[in-house]
Asks: 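I am attaching a structure below and will ask some questions about it afterwards.
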Amino acid sequence: MTDIHNSAQRARLFPWAIIRQFPNLQRITVARLRNRSDAEGHLIALRRLIPQAEFAIAFDLTGE
């Protein structure tokens with residue numbers, strides 16, 4: 001399978017993403033999860049571990 005197919009398949013299986021936002025308008029996907037509840041739990045842990053960082057939860061089917 002190609003990387004594009006794998007990325008699209010992964011996005012369908014894990015549509016919730018935790019995004020780390022940077023001041024220069026860049027972002028990095030930190031984690032992909034199956035449901036929002038899991039994403040919220042991970043977000044709480046990340047905010048405790050890295051309190052100075054900005055994170056957001058997004059529903060993302062594109063896989064980017």
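Bear in mind that the values here come from a model prediction, so they are computed numbers and not experimental data. These numbers come from the heavy atoms of this one structure, side chains and all, not from hydrogens, waters or symmetry mates.
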Asks: For Q21, give me all partners under side chain to side chain contact (heavy atoms under 4.5 Å, CB included), at least two apart in sequence or on another chain.
Replies: I19, E54, A56
Asks: Under a single-linkage rule joining Ile, Leu, Val, Met, Phe, Trp and Tyr whose side-chain heavy atoms are separated by less than 4.5 Å, which residues share a cluster with I28?
Replies: F22
Asks: Please round to the nearest 0.5 Å and tell me the distance separating atom CG of L61 and atom CG of L13.
Replies: 10.5 Å
Asks: According to side chain to side chain contact (heavy atoms under 4.5 Å, CB included), who are the partners of L46, at least two apart in sequence or on a separate chain?
Replies: I18, V30, F55
Asks: In Å and rounded to the nearest 0.5 Å, what is the CD1 to NE2 distance from I57 to H42?
Replies: 11.0 Å
Asks: Could you state the interatomic distance from CG (L43) to CH2 (W16), rounded to the nearest 0.5 Å?
Replies: 12.0 Å
